Amino acid sequence: MSRITLYGRQGCHLCDDARSVVSKVTGELGLGFTETDVDTDPELRGEYGDRVPVLLIDGVEHGYGRIDPARLRRALTT
């Protein structure tokens, strides 16, 4: 399991924004992340519904909606 997971869906502008933030911050720190489209799995779609994007770090929800790059950077470096 990846340390950083971004749940989202196609056609979601907030998901596109979150992907950019997560990609930039993880790239700066030399980390990778996985991204999963919730619409490809009925269980994930049921769990997250319209509450995407959702970011998990080490399996724990870090945030959803707009992802703050400074907060994410702090979480990944402490």
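Numbers for residues simply follow the sequence, beginning at 1. None of these values were measured; they are calculated from a predicted model. Just so you know, these numbers use all the heavy atoms, side chains as well, and skip hydrogens, waters and symmetry mates.
Of the inter-residue distances, the one linking Asp58 atom CG with His62 atom NE2 reads 11.5 Å to the nearest 0.5 angstrom. Rounded to the nearest 0.5 Å, atoms CD (Glu28) and CG (Leu72) are 9.5 Å apart. In this structure, the separation between CD1 on Ile57 and CG on Leu76 is 4.5 Å, given to the nearest 0.5 Å. Here the CZ-CG distance, from Arg73 to Asp68, works out to 9.0 Å after rounding to the nearest 0.5 Å.
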Please tabulate, for the side chains in residues 48-56, all donor-acceptor contacts under 3.5 angstrom to protein atoms that are two or more places apart in sequence or on a different chain.
{"unit_1": "Arg51", "atom_1": "NH1", "unit_2": "Glu61", "atom_2": "OE1", "d": "3.4"}
{"unit_1": "Arg51", "atom_1": "NH1", "unit_2": "Glu61", "atom_2": "OE2", "d": "2.9"}
{"unit_1": "Arg51", "atom_1": "NH2", "unit_2": "Glu61", "atom_2": "OE1", "d": "3.0"}

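For residues 38-47, every residue pair satisfying the salt bridge (charged side-chain N to carboxylate O under 4.0 Å, His left out) rule, not counting sequence neighbours, is listed here: Arg9-Asp39.
Put simply, the residue from Thr26, Val22, Val25 that forms a side chain to side chain contact (heavy atoms under 4.5 Å, CB included) with Leu31 is Thr26.
Scored by the salt bridge (charged side-chain N to carboxylate O under 4.0 Å, His left out) test, Asp37 finds no partners at all (sequence neighbours excluded).
In this structure a side-chain-to-backbone donor-acceptor pair under 3.5 Å is missing from Thr40 to Thr36.
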